[in-house]
Enquirer: 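First the structure, then my questions, so here it is.
In this chain, residues are counted from 1 in sequence order.
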Amino acid sequence: MLATAVAAKSPQDLMFPDRTSCYARSYSASHLANHPGQRVTKIALRPDFDAPGPFLTLKMTFVLRMVPGDAFQAYAACENEGGDTLFCLLEGDAGGFQITPAKHGAILIEVSSLGMTLENDRAFATLEAKAGDDRSFLLHPVACP
């Protein structure tokens with residue numbers, strides 16, 4: 001009976017059941033030394049259940065090295081894509097990504113073929129789906145800010 005109830009949950013319900021469903025990752029100096037092409041040093045996301053509209057809205061924060069300015073902020077509208085995947089589009093036609101569950105309550109974000117273009121107070125940065133070391137991110141559950 002329990003397996004049927006879990007199987008019936010949508011990807012959104014499994015990964016973002018409520019306001020406490022936040023995820024983040026800060027990459028260690030040793031990880032970044034082994035991935036010199038990786039620009040993302042920190043990434044965090046949280047659901048914004050107060051946003052209007054029929055889709056799950058996620059607020060994302062990125063810290064990038066080798067790019068001027070402060071942290072990058074982005075909002076994404078996400079919907080269940082089928083199976084265990086959420087597909088998300090960044091506001092302003094800035095690209096997209098997929099989210100799938102990973103082991104131990106973590107989630108895996110994979111940049112879509114659309115890429116992801118981010119903007120801060122001084123720069124733009126694009127994360128490519130097929131180039132660079134910023135194509136996928138394993139985030140772990142954290143306490144929401």
Enquirer: Using the rule given for side chain to side chain contact (heavy atoms under 4.5 Å, CB included), can you reason through Phe137 versus Leu108, listing the C-alpha separation, both sets of side-chain angles and the distance that settles it, and then say yes or no?
Expert: CA-CA 6 Å; Phe137 307 96; Leu108 180 64; 5.9 Å; no
Enquirer: Do the non-hydrogen side-chain atoms of Thr117 and Phe124 ever get within less than 4.5 Å of each other?
Expert: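 Heavy-atom side-chain distance check passes, below 4.5 Å.
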Enquirer: Check whether Ser136 reaches the backbone of Ile109 with its side chain - one donor and one acceptor, N or O, closer than 3.5 Å.
Expert: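 Not at all, since once roles are kept as given, no pair shorter than 3.5 Å links the two residues.
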Enquirer: Taking all non-hydrogen atoms of both residues, which atom of Ile99 and which atom of Cys88 are closest, and how far apart?
Expert: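 Smallest heavy-atom distance, with atoms named: CD1-SG, 3.9 Å.
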Enquirer: State which residues pass salt bridge (Lys or Arg N to Asp or Glu O under 4.0 Å) with Arg19; sequence neighbours excluded, sorted by chain then number.
Expert: Asp50
Enquirer: Can you name the residues that form a ring-ring contact (aromatic ring centres under 6.0 Å, His included) with Phe97, not counting sequence neighbours?
Expert: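 ring-ring contact (aromatic ring centres under 6.0 Å, His included) list for Phe97, sorted by chain: empty.
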Enquirer: Determine whether Leu14 and Gln12 satisfy the following criterion, side chain to side chain contact (heavy atoms under 4.5 Å, CB included), listing intermediate values before the conclusion.
Expert: CA-CA 5 Å; Leu14 287 172; Gln12 177 179 331; over 6 Å; no
Enquirer: Considering only NZ, NE, NH1 and NH2 on the basic side and carboxylate oxygens on the acidic side, decide whether Asp134 and Arg39 come within less than 4.0 Å.
Expert: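 Yes.
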Enquirer: Determine the minimum heavy-atom distance between Ser10 and Asn80, stating which atoms define it.
Expert: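 Closest approach of Ser10 to Asn80: CB-ND2, 3.3 Å.
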Enquirer: Nearest heavy-atom pair of Ala77 and Phe55: which atoms, and what distance?
Expert: CB-CB, 4.1 Å
Enquirer: With Pro68, which residues qualify under side chain to side chain contact (heavy atoms under 4.5 Å, CB included), at least two apart?
Expert: Arg122, Ala123
Enquirer: Does Gln38 use its side chain to pair, donor to acceptor, with the backbone of Val40 at less than 3.5 Å?
Expert: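 Judged by distance alone, yes, a pair lies under 3.5 Å.
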Enquirer: Counting N and O atoms only, with roles assigned by atom type, does the side chain of Tyr23 sit under 3.5 Å from a partner on the main chain of Ile43, one being a donor and the other an acceptor?
Expert: no
Enquirer: Nearest 0.5 Å, please: how far is CD in Glu110 from CE in Met116?
Expert: 12.0 Å
Enquirer: I'd like to know if the side chain of Gln73 pairs up with that of Thr61 as donor and acceptor (distance under 3.5 Å, no hydrogens or angles considered).
Expert: yes
Enquirer: Does Phe16 share a hydrophobic cluster with Met60, counting links as ILVMFWY side-chain heavy atoms below 4.5 Å and allowing steps through other members?
Expert: yes
Enquirer: Show, in sequence, the C-alpha distance, side-chain angles and deciding distance for Leu138 and Arg25, and conclude whether the side chain to side chain contact (heavy atoms under 4.5 Å, CB included) test is met.
Expert: CA-CA 7 Å; Leu138 183 66; Arg25 176 131 185 218; 3.7 Å; yes
Enquirer: Applying side chain to side chain contact (heavy atoms under 4.5 Å, CB included), name anything that partners Asp121, two or more places apart in sequence or on another chain.
Expert: Asp70
Enquirer: Would you say that more than 12 heavy atoms from the other residues, nucleotides or ligands in this model lie under 6.0 Å from the CG of Asp18, or not?
Expert: yes
Enquirer: Given 3.5 Å as the limit, does a donor-acceptor pair link the side chain of Asp84 with the main chain of Thr100, or not?
Expert: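 Side chain of Asp84 to backbone of Thr100: no pair is present.
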Enquirer: Going by the rule ring-ring contact (aromatic ring centres under 6.0 Å, His included), which residues pair with His31 if we only count those two or more places apart in sequence or in a different chain?
Expert: Tyr27, His35
Enquirer: Any side-chain heavy atom of Cys78 within less than 4.5 Å of one from Leu58?
Expert: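 Touching, per the 4.5 Å side-chain cut-off.
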Enquirer: Compare every heavy atom of Met15 with every heavy atom of Pro101, then report the nearest pair and how far apart it is.
Expert: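 Shortest heavy-atom separation between Pro101 and Met15 comes out as N-SD, 3.6 Å.
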Enquirer: Could you check whether any side-chain N or O of Arg135 sits under 3.5 Å from a backbone N or O of Leu127, counting only pairs where one atom can act as donor and the other as acceptor?
Expert: no
Enquirer: Applying the 4.5 Å side-chain criterion to the ILVMFWY set and letting contacts propagate, would Phe62 and Leu139 be lumped into a single cluster?
Expert: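 Linked, Phe62 and Leu139 end up in one cluster.
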Enquirer: Mind listing the closest non-hydrogen atom pair of Leu114 and Gly95 along with its distance?
Expert: CB-CA, 3.9 Å
Enquirer: Do Leu90 and Tyr75 have side chains that get closer than 4.5 Å, going by heavy atoms?
Expert: no
Enquirer: So, does Arg65 use its side chain to make a donor-acceptor pair with the main chain of Leu32 at under 3.5 Å?
Expert: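 Such a contact is found between Arg65 side chain and Leu32 backbone.
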Enquirer: Of all the heavy-atom pairs spanning Pro145 and Cys22, show the shortest one and how long it is.
Expert: CD-SG, 4.2 Å
Enquirer: Under the rule for salt bridge (Lys or Arg N to Asp or Glu O under 4.0 Å), what residues qualify as partners of Arg46, not counting sequence neighbours?
Expert: none
Enquirer: Mind checking whether Leu86 and Glu79 have side chains closer than 4.5 Å, heavy atoms only?
Expert: no
Enquirer: Kindly determine whether Phe49 and Leu56 satisfy side chain to side chain contact (heavy atoms under 4.5 Å, CB included), including the steps that lead there.
Expert: CA-CA 7 Å; Phe49 288 109; Leu56 169 66; 3.9 Å; yes
